[in-house]
Undergrad: 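Before I ask anything, let me first share the structure, which is written out below as structure tokens.
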Amino acid sequence: DAGITQSPRHKVTETGTPVTLRCHQTENHRYMYWYRQDPGHGLRLIHYSYGVKDTDKGEVSDGYSVSRSKTEDFLLTLESATSSQTSVYFCATRDEGQGGHYGYTFGSGTRLTVV
Amino acid sequence: AQSVAQPEDQVNVAEGNPLTVKCTYSVSGNPYLFWYVQYPNRGLQFLLKYITGDNLVKGSYGFEAEFNKSQTSFHLKKPSALVSDSALYFCAVRDDSSASKIIFGSGTRLSIRP
């Protein structure tokens with residue numbers, strides 16, 4: 001997981017509150033991704049970014065927004081947290097310089113509990 | 001639409017025995033296939049990939065995967081399992097609609113007993 005830091009590692013929040021998760025990379029990778037991991041679903045893509053201020057939706061983007069104002073930082077915001085957003089969230093980056101064929105590098109995850 | 005399926009939620013193997021974790025895929029074009037491993041409380045780690053070339057791909061930690069186009073399969077294998085191989089394994093395929101994205105299977109938990 002070297003080069004990608006997710007914060008916080010754990011968070012408990014109340015329903016209806018906004019929550020922001022941060023992903024910071026030191027790899028200078030152009031592409032960054034946010035996934036959520038839930039039992040029986042594997043990893044599902046929430047949003048991704050292909051450059052500063054360039055983002056796009058994934059398959060489960062409802063209730064989430066993202067921002068990327070610098071290459072190294074990709075923020076995920078839950079606008080009004082719900083219990084269904086209790087999950088483990090992973091950030092990943094991809095090195096386009098290698099043709100993207102060497103897969104992704106993942107952070108260690110953020111465990112979010114919405115009560 | 002492209003997809004990957006991992007038909008087994010859990011695979012149990014005795015240490016020293018060969019192991020296989022199954023994956024089948026569905027794509028409209030040429031498949032770009034990956035295997036990742038996740039140890040407890042960690043992010044996913046890249047194991048190996050198939051892009052083109054030899055059907056037998058070698059990766060990290062002694063793992064290999066066999067690409068079979070006729071059976072649309074990409075099974076992960078290891079000749080002799082170690083207890084330390086116990087983890088969650090994910091097969092993945094590159095999204096046909098966007099080379100920027102890959103789609104993960106639901107995962108298979110591999111348990112190696114001493």
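Here is how names work: the chains are called A, B, and so on, in the same order as the sequence lines, proteins then strands, and each is numbered from 1. What you see is a predicted model; the values in this text were computed from it and never measured.
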Undergrad: By a 4.5 Å heavy-atom criterion (distance strictly below it), what part of Leu45(A) contacts chain B: side chain, backbone, both, or neither?
TA: side chain
Undergrad: Before we go on, tell me: are the rings of Tyr32(B) and Tyr50(B) under 6.0 Å apart, centre to centre?
TA: no
Undergrad: Short question: side chain of Gln25(A), backbone of Thr71(A) - any donor-acceptor pair under 3.5 Å?
TA: yes
Undergrad: So Tyr33(A) and Phe106(A), do their side chains get closer than 4.5 Å, heavy atoms only?
TA: no
Undergrad: Quick check against the 3.5 Å criterion: does Arg30(A) have a side-chain atom that pairs as donor or acceptor with the backbone of Tyr50(A)?
TA: yes
Undergrad: Would you say Gln71(B)'s side chain and Asn68(B)'s backbone share a donor-acceptor pair under 3.5 angstrom?
TA: no
Undergrad: So, Thr86(A) side chain and Ser83(A) main chain: donor-acceptor pair closer than 3.5 Å or not?
TA: yes
Undergrad: Under the 4.5 Å side-chain heavy-atom rule for ILVMFWY, direct or indirect, which residues accompany Ile46(A)?
TA: Val19(A), Leu21(A), Met32(A), Trp34(A), Val60(A), Tyr64(A), Val66(A), Phe74(A), Leu76(A), Leu78(A), Tyr89(A), Leu112(A), Val114(A)
Undergrad: Can you tell which part of Arg44(A) gets under 4.5 Å to a heavy atom of chain B, answering side chain, backbone, both or neither?
TA: neither
Undergrad: Got a sec, which residues hit ring pair (Phe, Tyr, Trp, His ring centres under 6.0 Å) with Tyr35(A), two or more places apart in sequence or on another chain?
TA: Phe104(B)
Undergrad: Flag yes if Tyr61(B) and Leu48(B) sit in one hydrophobic cluster, no otherwise; membership is Ile, Leu, Val, Met, Phe, Trp, Tyr, and two members link when side-chain heavy atoms are under 4.5 Å apart.
TA: yes
Undergrad: Looking at Phe74(B), is its backbone amide N or carbonyl O close enough to the side chain of Trp35(B) to form a donor-acceptor pair, meaning the two atoms are under 3.5 Å apart?
TA: yes
Undergrad: Do His47(A) and Ser61(A) come close enough that some side-chain heavy atom pair is under 4.5 Å?
TA: yes
Undergrad: Report which part of Gln6(B) has an atom under 4.5 Å of a heavy atom belonging to chain A: side chain, backbone, both, or neither.
TA: neither
Undergrad: Let me know if Gln37(A) has heavy atoms under 4.5 Å from chain B in its side chain, its backbone, both or neither.
TA: side chain
Undergrad: Is any residue of residues 105-114 of chain B within less than 4.5 Å of chain A by heavy atoms, and which ones?
TA: Gly105(B), Ser106(B)
Undergrad: Non-hydrogen contacts under 4.5 angstrom with chain A: give the residues of residues 77-90 of chain B involved, or none if there are none.
TA: Leu88(B), Phe90(B)
Undergrad: Name the region of Tyr48(A), side chain, backbone, both or neither, that has any atom closer than 4.5 Å to a heavy atom of chain B.
TA: side chain
Undergrad: Look at the side chain of Ser108(A) and the backbone N and O of Gly43(B), then say whether any donor-acceptor pair between them is shorter than 3.5 Å.
TA: no
